[in-house]
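Remember, predicted model here, so these are calculated numbers, not experimental data.
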Amino acid sequence: MPKLNAASLQAGPACCPPITTAALSEQAAETMAALFKALSDPVRLRLLSRVASHPSGEACVCDIADVGVSQPTVSHHLKKLREAGLLTSDRRGTWIYYRLAPGVLTALGAFLMGTGLVPSASMTDPQAP
């Protein structure tokens, strides 16, 4: 699985040009698809949000694990987010602390910039017309 990391972000403003500026190369498409695949699970989105919004900028797995699934499932999802390059982690004693990978949200935003992609009520609320 391609990984968006600090090295790929330093190559330019993002690993991939905004989607509206040019056709994606095969490598850029694989990189972005891996990120979106990792983000395509609601539990993973909730975990990423909990890490990103944590007051200290990093979160212990013990602080974010209450997302309605078992602890082993939480660990699996966090591993997938880490493998995709969205999160970094380090072990401190028996706990693992997670934080957003540097620049990853900026890279995703830059990729989507100019697409006019704004979730409408119909995209987020199944009851909306």
query = So does Glu30 pair up with Lys37, basic N to acidic O under 4.0 Å?
reply = no
Separation of Leu47 CG from Leu81 CG (nearest 0.5 Å) = 6.5 Å
ask   = Is there a side-chain contact between Leu86 and Leu39, using heavy atoms and a 4.5 Å cut-off?
value = yes
task = Mind checking salt bridge (charged side-chain N to carboxylate O under 4.0 Å, His left out) for Arg50 and listing every partner two or more places apart, or none if nothing turns up?
result = none
ask   = Under 4.5 Å between any side-chain heavy atoms of Tyr98 and Thr88, yes or no?
value = no
query = When rounded to the nearest 0.5 angstrom, what is the spacing between OG in Ser70 and NE2 in His76?
reply = 10.5 Å
ask   = If you take all heavy atoms of Val74 and Ala65, which pair is closest and at what distance?
value = CG2-O, 3.5 Å
ask   = Do Gln71 and Ser75 pass the side-chain hydrogen bond (donor to acceptor under 3.5 Å, both in side chains) test, and can you show the C-alpha distance, the side-chain angles, and the key distance before you say yes or no?
value = CA-CA 6 Å; Gln71 193 284 320; Ser75 293; 2.7 Å; yes
inquiry  = Nearest 0.5 angstrom please: Asp41 CG to His77 NE2, how far?
reply    = 4.5 Å
ask   = When you measure from the side chain of Ser53 to the backbone N and O of Ser49, does any donor-acceptor pair fall under 3.5 Å?
value = yes
query = For Phe36 and Leu108, what are the C-alpha separation, side-chain angles and deciding distance, and is it a side-chain contact (heavy atoms from CB on, under 4.5 Å)?
reply = CA-CA 9 Å; Phe36 287 117; Leu108 284 170; 4.1 Å; yes
request  = Could you tell me whether the side chain of Arg82 and the main chain of Leu87 form a donor-acceptor pair under 3.5 Å?
outcome  = no
key: From OH (Tyr97) to SG (Cys60), nearest 0.5 Å   = 4.5 Å
key: Over all atoms of both residues, closest heavy-atom pair of Ala84 and Ala38   = CB-CB, 3.5 Å
key: Nearest heavy atoms of Ser89 and Arg99, plus distance in Å   = CA-NH1, 4.5 Å
inquiry  = Is the shortest side-chain heavy-atom distance between Thr73 and Val43 below 4.5 Å?
reply    = no
task = Check whether any side-chain heavy atom of Ile64 sits under 4.5 Å from a side-chain heavy atom of Arg46, and report yes or no.
result = no
ask   = Does the pair Ile96 and Asp90 meet the rule for a side-chain contact (heavy atoms from CB on, under 4.5 Å), with working shown?
value = CA-CA 6 Å; Ile96 298 177; Asp90 61 23; over 6 Å; no
